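Note that the structure is predicted; figures quoted are calculated from it, not measured.
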Amino acid sequence: MAMVAVTAALIGFFAFVIMRVTTPQMTTLFTDLSLDDSSAIIKELDRQAVPYELRNDGAIIMVPKDKVTRLRMKLAESALPKGGGVGYEIFDKSDALGTTSFVQNINHLRALEGELARTIRAIDRIQAARVHLVLPERPLFARETPEPSASIVVRVRGSLEPQQIRAIRHLVASAVNGLKPQRVSIVDEAGQLLADGAAGPNDNSIGDERRVAFEKRLRSEVEAIVSSVVGAGRARVQLSADFDYNKITETSDKFDPEGRVLRSSQTREESSATSENNGQVSVGNELPGAQQTNNTPVARDQSKKTEETNNYEISRTTKTEVTEAGRVNRISVAVLVDGIYTKNDKGEMVYQERSKEQLDRISALVRSAIGFDQKRGDQVEVVNLRFAEAPAVAPLEPPAGLLGMLQFTKDDVMYVIELGVMMLLGIVVLFMVVRPLVKRIIADEPAAPAAEAKLPAIVDGSGAQAAAPAGGPNLAPGANNTATLIDVAQVQGQVHAQSVHRVGELAERNPNETVAIIRQWLSEPAA
C-alpha cells in the first residue's frame, strides 16, 4: 500500500509539472469590458477554440500571449468590443415600414450619443464615457430656435489636461448641428466639473489655459537649453507671464494738409451802371424812342464785382486697430543652476562655483529663448547655488550585440524561475524517493536465488564445509565457520519468510484448491 501511495503521488506530481510547463503563458486581451462585450468575445473565442481565462467577474479576459495580436485584429474585424453602447447599428435590424417618426428620431439620438461615446473613449486616459444630447425642436410661430446642449460623464485614469477637455468639447460640438462648444458640460466620475456648459464666450478659464500652456512651453525650452550646458537635472527654471485679456478697438483719422486736390472751381462776375437826369420828368421823356429835349450832360455810376469759389479735397487716413485679448505684458524668468563637481586626488567629489562669464552666457541664451523685450519690462535672473542632492549618476548604456539580444523581460525571468523550481523539486523527488525504492526492489530480487543456492548445503548437513570456499582463503577457520553460519541462518530465514509469503499468495489466489488440500491433509492418517 505504501508503494501504491508513493507511486500515485509521484504520478500526480509529475503530471502537475508537465501540465504547468506545457500550459501557455496567459496575458490580458481586453480590460474593463461590459457584460455584452464579454459574452460576445467569449463566444468568438469558443468558435476559434482558443483557451481563455476570466477575471474580475468577466471584465478581464486572458488569452495565450502568442495569440494576443492576432485575436485583437480578428475581433476588431468583427467590431468587438463595441464598448457597451448603441451606435448606428441600431438601424441595421429595424423595420422602417412600421416605425413612427418619433421612434426614428429617438433611435437617431441614441445612435448619435453612442457613436460620440465610442469616439471619446478612444482618447487617452479615458476609460468610459456617456453622452447626453438635448436637441430641441423649433416651436411653431417662434422666431428664435432654442440652442442644443450636451452633457458628458467620463471615467478617467488620473486627470485630463485642459487641452484634452477643450478637444472633447469641440469634438462633440462639431458632430452636432448647431451645438456650440460653450454649451457642452463635462463631469468626471467623482462629480468634479471639468467644463461648465453655462459659461459665456468670455470665459476666463480659456485665458488661463492659454497662459499655462505659454508658460509651460517657454519653461521647457529654457530648461532644455540650460540643461544641455549644465547637465541633466542640474537646473531649475521658473517662468511667469503676465497676460492682458482686455480687447481694445482703436479708430484714428489723419488729415494731410500738403496733400490737397482741387475738386471744383466757380467764377462769377457782375457789372452795373447808373445815370442821373437833372431835367424835368415828363411823359415825353419817359416814352421809348423820345428825343431828349434837354442836352445837359448826365453823370453815370458804374460798378463791377467778381466772385470765385474753389473746393479742395484734403487726403484723410482712417485707421482701426483691434487688439485681441491675451497680450503678453511681461515675462519673468528665474533660473537656478548647480555648480561644477570634480574629483580630487583622493577620488572625492569637490564642488566648484560657476564663473560670472558662464552665467552671463546662460542669461543671454535665456533672453534669446523667451524673446526678451526690455521696453516691455521683462526680467531674467540666473543664479548659481549648490543643490542639496548630489549629482545623479550617469545611467548605464544598454549592452549591444549578443548581450543586448539576451535581455529578458520580467515575465521571462519569472517563467525561468518557475521552471527552475519545478526541475529542482523533480530532482529532489527522484533522488530522495524514487531512487531508494528502486534500489530496494532491485536488492530484494537477487536475494531469493542466493538463498536457494545456499539452502541445499544446509539441508545436507555440510554447512561449514560447503560454505567455507565462499569465505575466501584468507579468513581463519573459526571466524569463517561463524560468519558462514550467520549468513546461512539469515538466508534460511529470508527463504522461509519468502516461502510462507508465496504460499499465502497462492492460498489467496486459489481458495478452493487450498481448502481441498487442507481437507486431504486432515483426512490422511498420521504417520
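Take Arg330 and apply the side chain to side chain donor-acceptor pair (under 3.5 Å) test, not counting sequence neighbours, and it matches Gln379. Partners of Arg125 according to the side chain to side chain donor-acceptor pair (under 3.5 Å) rule, which considers only residues two or more places apart in sequence or in another chain, do not exist here. Among residues two or more places apart in sequence or in another chain, the side chain to side chain donor-acceptor pair (under 3.5 Å) test is passed with Tyr52 by Asp46. Asp66 pairs by the side-chain contact (heavy atoms from CB on, under 4.5 Å) definition with Pro64, not counting sequence neighbours. The salt bridge (Lys or Arg N to Asp or Glu O under 4.0 Å) test applied to Arg110 returns no partner, not counting sequence neighbours.
Residues Ala235 and Val230 share a closest heavy-atom pair of CB-CG2, 3.8 Å. Minimum interatomic distance between Leu194 and Asp188 (heavy atoms only, all atoms of both residues): CD1-CB, 4.1 Å. Between Arg219 and Val237, the shortest heavy-atom distance links the atoms CD-O, 3.6 Å. Across all non-hydrogen atoms, the minimal contact from Met62 to Met26 is O-CE, 3.4 Å. Summarising the geometry of Gly371 relative to Asp378, their closest heavy-atom pair is O-OD2, 3.9 Å, with the distance given to 0.1 Å. For the residue pair Arg70 and Val50, the shortest heavy atom distance occurs at NH2-CG2, 4.4 Å.
Using a distance-only test at 3.5 Å, with no hydrogens or angles considered, a donor-acceptor pair links the side chain of Glu215 to the main chain of Ala241. Distance alone, capped at 3.5 Å, is enough to place a donor-acceptor pair between the Ser220 side chain and the Lys216 backbone. The backbone N or O of Ile370 sits nowhere less than 3.5 Å from a side-chain atom of Glu221 that would complete a donor-acceptor pair. Although no hydrogens or angles enter the test, the distance criterion places no donor-acceptor pair under 3.5 Å between the side chain of Arg234 and the main chain of Gly339. At distances below 3.5 Å, not a single donor-acceptor pair connects side-chain atoms of Ser227 with backbone N or O atoms of Ala224.
Between Glu44 and Arg47 there is a side-chain heavy-atom pair separated by less than 4.5 Å. Side-chain contact check for Val184 versus Ile168: every heavy-atom pair is 4.5 Å or farther apart. Under the 4.5 Å side-chain criterion, counting only non-hydrogen atoms from C-beta, Phe214 is in contact with Ile331. In this structure, Asp373 and Val328 have side chains that are not in contact, with every pair of non-hydrogen atoms separated by 4.5 Å or more. A heavy-atom distance below 4.5 Å is found between the side chains of Leu359 and Val337. Looking at Gln238 and Leu336, their side chains never come closer than 4.5 Å, going by heavy atoms from C-beta outward. Between Val366 and Phe372 the shortest side-chain heavy-atom distance does not fall below 4.5 Å. Contact annotation: the side chain of Thr145 never approaches that of Pro136 to less than 4.5 Å [non-hydrogen atoms, C-beta and beyond].
Atom-to-atom distance recorded for Leu171:CG and Ile152:CD1 is 8.0 Å, nearest 0.5 angstrom. Note that CD1 of Ile60 is 10.5 Å distant from CG of Leu54, once rounded to the nearest 0.5 Å. Note that the CD atom of Glu53 and the OG1 atom of Thr28 stand 10.0 Å from one another [nearest 0.5 Å]. Summarising the geometry, atom OG1 belonging to Thr342 is positioned 7.0 Å from atom CE belonging to Met349; distances are rounded to the nearest 0.5 Å. Distance check, rounded to the nearest 0.5 Å: CG of Leu193 to OG of Ser185 gives 6.5 Å. Summarising the geometry, atom CG belonging to Leu29 is positioned 14.5 Å from atom NZ belonging to Lys65; distances are rounded to the nearest 0.5 Å.
Counting non-hydrogen atoms of neighbouring residues, nucleotides and ligands closer than 6.0 angstrom, the CD atom of Gln374 reaches no more than 12 such neighbours. The number of heavy-atom neighbours closer than 6.0 Å to CZ of Arg354, taken from other residues, nucleotides and ligands shown, is above 12. Counting non-hydrogen atoms of other residues, nucleotides and ligands closer than 6.0 Å to NZ of Lys67 gives a total above 12. More than 12 non-hydrogen atoms from other residues, nucleotides or ligands lie less than 6.0 angstrom from CZ of Arg72. Atom CG of Asn344 has more than 12 neighbouring heavy atoms from other residues, nucleotides or ligands inside a 6.0 Å radius. Within 6.0 Å of the CZ atom in Arg376, the count of heavy atoms belonging to other residues, nucleotides or ligands exceeds 12. Environment of NE2 in His108: sparse, with no more than 12 heavy atoms of neighbouring residues, nucleotides or ligands closer than 6.0 Å.
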| request: Take Leu133 and Leu116 through the side chain to side chain contact (heavy atoms under 4.5 Å, CB included) test and state the conclusion after the steps. | output: CA-CA 10 Å; Leu133 298 177; Leu116 288 174; 4.0 Å; yes
| Val229 vs Arg361, side chain to side chain contact (heavy atoms under 4.5 Å, CB included): CA-CA, chis, key distance, verdict | CA-CA 10 Å; Val229 177; Arg361 291 181 180 179; over 6 Å; no
| request: Step by step, work out the side chain to side chain contact (heavy atoms under 4.5 Å, CB included) result for Thr514 and Arg509. | output: CA-CA 9 Å; Thr514 303; Arg509 295 177 182 176; over 6 Å; no
| Can you check side chain to side chain contact (heavy atoms under 4.5 Å, CB included) on Val153 and Glu189, steps first, answer last? | CA-CA 7 Å; Val153 180; Glu189 73 278 8; 5.8 Å; no
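Applying the ring-ring contact (aromatic ring centres under 6.0 Å, His included) rule to pairs touching residues 148-180 yields nothing, sequence neighbours excluded.
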